[in-house]
Every structure is written in structure tokens, then in C-alpha cells.
Amino acid sequence: MSFIVTLILFILILGSIVFVHEFGHFMMAKLNGVYVYEFAIGMGPKIWSKKGKETEYTLRAIPIGGFCMMAGEDLEDDDLKKIPKEKRLQAKKPWQRFLIMFFGAGNNFICAVLLLFLIGLIWGGSSMEPVVTSVVKNSAAATSGIEAGDRILEINGHSIATTDDISLYLAIANPEEASDIKVRKENKKVETYSVQPKKKKVDGETTYQYGIGMQQDVEKGILPALEFTGKKTISIFKQMTVTVGYLFTGGISISQLSGPVGIFSVVGDQSSAGIMNILYLVAFLSINVGFINLLPIPAFDGGHILFIIIEKIKGSPVKPETENMIHTVGLFLLMLLMVVITFNDILRLF
């Protein structure tokens, strides 16, 4: 697929995810009487704007990110523009502020669930059962004793419920060491095999292959679509939880993370595979964006929610000036992290 088409898809995918996220904040802010200065898609200079009764709606030049600027985020600006105190974010009750902060991610989750259900309804829902359907001859799995028909129960002590779990735990396993794979044979006997993946060069890149095939049955209909949606949603959340956990414990390094450049490459790969893959990518990224935003890190929605929780515990709010300063520092550090991740993405292209 051409660079231009991939670029357009990239902008549409990120733009739609950001729009859904920011609209969640915007909708809840309006419903709870918070003054919204600007609802923006994109960052950088304005390329289009329209002033509503209260809010300015804008498109900005850099199609990455966006924001919903509410009264209460810049105290000096609020005072200069004489925004009534009852229309500022800090004046709202904790539960109202929680809803405003949460529903950016909440909207992403709703969008992802709807897209996954649509995929299951149109193309059918895969069973996701962790049953080996084929084993490559002379592969690491075949040599160890794994056979077609084996149901994988555990990998390195981690319980396996779906095919996604298999991909996840083999991906985070040390490829230089053998993985312990527990299976239940077709005769119900449980066996544990030590499988050392075979190291191979594919298109100049080092890969580690186990030789296990997991062909899935696909069934159409509302009930299979609902089952697929539930399993896949839980699976993506599990992937994010495990990945973030390994990132904080050092099991995964920052160099392995991907930013916009990495996402652009994935968009190019998935777009050539058809509309279903694009919709799945949007759902996957939407859950990722929502999940990451709920982490209790300053400048993220989860950071704001953390301050609401602190307020409830101590019985009084943190000074707005102090909270805003912490979020500003957090935003600077996050921008620095994004620069590092983007630099690593670019290095991987060469």
C-alpha cells in the first residue's frame, strides 16, 4: 500500500481514537456544568476553528493527540476571563470530577467493545480456544513432544485461557531459555514439556520459532459475536496489564515500546490485510489508549483521578496550584519519554 494511503489511514485511525477519548471528557464536562474553552483534535497551530456559544472547536496541524481544555486547568486564565467559580472543574463534587476524568478512557473502551462486536457479527467470532491444531515437523514443539490436539494449560507457570495468552507469554519469555509448557493431551493426561525455541533469521531479523499452529474455528451469529467480544476485550486488557507490569519490573525495556512511528508501520501492515484488520487495530489501540490514560501518573487522567482519591482520603482537596504544577512536570517528562520512544521507532526502521 502506498505511503500516502497509509498516512491517511494513520491520521484517520489516531484522529478517531483521540476524538472518541476527548469527546468523553467533553460530554461529561458539559453534563456537569464545567466551562470548556476548547475542544481540539490534533496539536500545534490551528488550521480550522468554529466558536460555539461557549466552546471553540478546532482542528490543529499535527494529527497526533488532542485536548478538551476546561476551566480549572489554568487558574490565571480562569480569573482573567472571569469564569464563574461554580463552572470551574475544582468546584465540582469528587464524583463529578471522577466521571469527567474517567470517561475519556471509558469512551475508548465502549468504542473498542462496539468494534469487536461488529467484527464478530460480520466476519464471525473465533473460538480463541488454546488448542494446538498443527505442529511444524522437526520444530522445537515437535521435538519436545507437543502434538496437534494438545490443550495448552500453562506457560512458565502462567495460566492459559485463550490463544492470545499463548502469544503473550511466549512473547515475554526469555527466548534464550527453554519455556515450560503444560498441556492436556487428548487422552486427558497432563504433561509438561520444556521447549527451547529455534533461532532463525527471517528477512534479516532474528526470530525464535516454536512451531505451534493455532487454527481457530469461526462461528457467525449474535451469541458467538458476544462471546468473542467478551473474550477478546478481556484478553487485550490482560495483555496491557501484563505488559505494563513487566515494564515497571524491568521485564520489558522502554526500547521495546512503540510510539507514533511504530504505529504508522503497523497501520501499513494491517491495512493491506483488509478492513477487518484495520477495525481490530482501532479497537486494540483504543483500549491501549484508555488503559494507559488511567494509570495513576501525573498529566494522565489516572493522575487526576489519583488526586481525587487523595482528596477523599485526607478530607480536603490538594491545592489547585500544587496539583497543576505536578501535572505540568509530569507532562514534560511524558513528552521526553515520547521523544525517546519515537527515536527508537526510527532506529528500528533502518
Side-chain angles (χ1 to χ4, degrees), residues 17-18 20-40 65-81 83-110 237-238 240-252 254 257 286-338 340-341:
I17 291 171
V18 170
V20 166
H21 183 93
E22 297 302 332
F23 185 73
H25 292 313
F26 174 79
M27 174 181 64
M28 279 297 160
K30 290 289 188 179
L31 286 174
N32 287 282
V34 175
Y35 190 99
V36 179
Y37 290 113
E38 183 179 349
F39 179 80
F67 56 87
C68 175
M69 186 182 294
M70 295 173 279
E73 296 180 305
D74 187 332
L75 302 178
E76 292 182 7
D77 209 26
D78 295 338
D79 293 335
L80 286 173
K81 295 182 179 179
I83 303 300
K85 290 192 181 295
E86 67 272 13
K87 297 209 73 177
R88 301 183 188 185
L89 188 61
Q90 295 94 335
K92 301 304 174 182
K93 294 178 180 178
W95 67 266
Q96 291 174 302
R97 282 179 279 137
F98 173 83
L99 288 177
I100 292 168
M101 290 299 116
F102 173 79
F103 256 87
N107 252 22
N108 284 133
F109 299 151
I110 292 170
F237 270 102
K238 184 175 182 179
M240 288 301 301
T241 302
V242 172
T243 300
V244 170
Y246 270 72
L247 181 63
F248 279 102
T249 58
I252 296 175
I254 291 177
L257 300 180
S286 197
I287 290 177
N288 274 244
V289 167
F291 186 96
I292 293 297
N293 265 280
L294 287 181
L295 293 177
I297 298 173
F300 281 172
D301 299 334
H304 290 280
I305 291 173
L306 178 62
F307 277 99
I308 295 172
I309 295 171
I310 292 172
E311 175 184 333
K312 291 296 291 182
I313 292 173
K314 68 190 289 282
S316 62
V318 176
K319 287 184 179 180
E321 297 86 355
T322 302
E323 181 178 346
N324 287 348
M325 180 187 69
I326 292 173
H327 288 311
T328 300
V329 172
L331 180 61
F332 172 77
L333 294 175
L334 287 171
M335 294 300 292
L336 186 62
L337 175 63
M338 183 57 68
V340 173
I341 291 173

Participant: Taking salt bridge (Lys or Arg N to Asp or Glu O under 4.0 Å) as the definition, give me every residue that meets it alongside Lys30, ordered by chain and number, with sequence neighbours left out.
Facilitator: Glu54

Participant: Got Ile310 and Val318 here, is their nearest side-chain heavy-atom distance under 4.5 Å?
Facilitator: yes

Participant: Identify, with sequence neighbours excluded, every residue that meets ring-ring contact (aromatic ring centres under 6.0 Å, His included) alongside His327.
Facilitator: His304, Phe307

Participant: Check salt bridge (Lys or Arg N to Asp or Glu O under 4.0 Å) between Glu38 and all other residues, then give those that pass, not counting sequence neighbours.
Facilitator: Arg60

Participant: With rounding to the nearest 0.5 Å, note down the distance linking CD in Glu22 to CE in Met69.
Facilitator: 11.0 Å

Participant: Quick one: closest heavy-atom pair of Phe23 and Phe39, and the distance?
Facilitator: N-CE1, 3.5 Å

Participant: Residues in side-chain contact (heavy atoms from CB on, under 4.5 Å) with Gln96, at least two apart?
Facilitator: Asn32, Lys92, Lys93

Participant: What pair of heavy atoms forms the shortest contact from Gly290 to Ala105, and how long is it?
Facilitator: O-CB, 3.4 Å

Participant: With Phe103, which residues qualify under ring-ring contact (aromatic ring centres under 6.0 Å, His included), at least two apart?
Facilitator: none

Participant: Are Met240 and Asn288 close enough that some pair of their side-chain heavy atoms sits under 4.5 Å apart?
Facilitator: yes

Participant: Determine the minimum heavy-atom distance between Pro317 and Lys314, stating which atoms define it.
Facilitator: O-NZ, 4.0 Å

Participant: Side chains of residues 291-300: which donor-acceptor partners sit under 3.5 Å, not counting sequence neighbours?
Facilitator:
residue, atom, partner, partner atom, Å
Asn293, ND2, Val289, O, 2.9

Participant: Would you give the length of the straight line joining atom CZ of Phe67 to atom NE2 of His25, rounded to the nearest 0.5 angstrom?
Facilitator: 13.0 Å

Participant: Any non-hydrogen side-chain atom of Glu311 less than 4.5 Å from a side-chain atom of Arg97?
Facilitator: yes

Participant: Please check this pair: side chain of Ser286 against backbone of Ile17, looking for a donor-acceptor N/O pair closer than 3.5 Å.
Facilitator: no

Participant: I need the minimum non-hydrogen distance between Ala91 and Glu86, along with the two atoms involved.
Facilitator: CB-CA, 4.0 Å

Participant: Say you draw a straight line from CD1 of Ile100 to CE of Met27; how long is it, rounded to the nearest 0.5 Å?
Facilitator: 11.0 Å

Participant: For Tyr35, enumerate each residue passing the ring-ring contact (aromatic ring centres under 6.0 Å, His included) test, keeping only those at least two apart in sequence or located in another chain.
Facilitator: Tyr37

Participant: What pairs with Lys238 under salt bridge (Lys or Arg N to Asp or Glu O under 4.0 Å), at least two apart in sequence or on another chain?
Facilitator: Asp165

Participant: Quick one: salt bridge (charged side-chain N to carboxylate O under 4.0 Å, His left out) pairs with a partner in residues 288-310, sequence neighbours left out?
Facilitator: none

Participant: Quick check: does any side chain N or O of His21 sit under 3.5 Å from a backbone N or O of Gly104, one acting as donor and the other as acceptor?
Facilitator: yes

Participant: Sequence neighbours left out, what passes side chain to side chain donor-acceptor pair (under 3.5 Å) with Asn107? Give chain and number order.
Facilitator: none

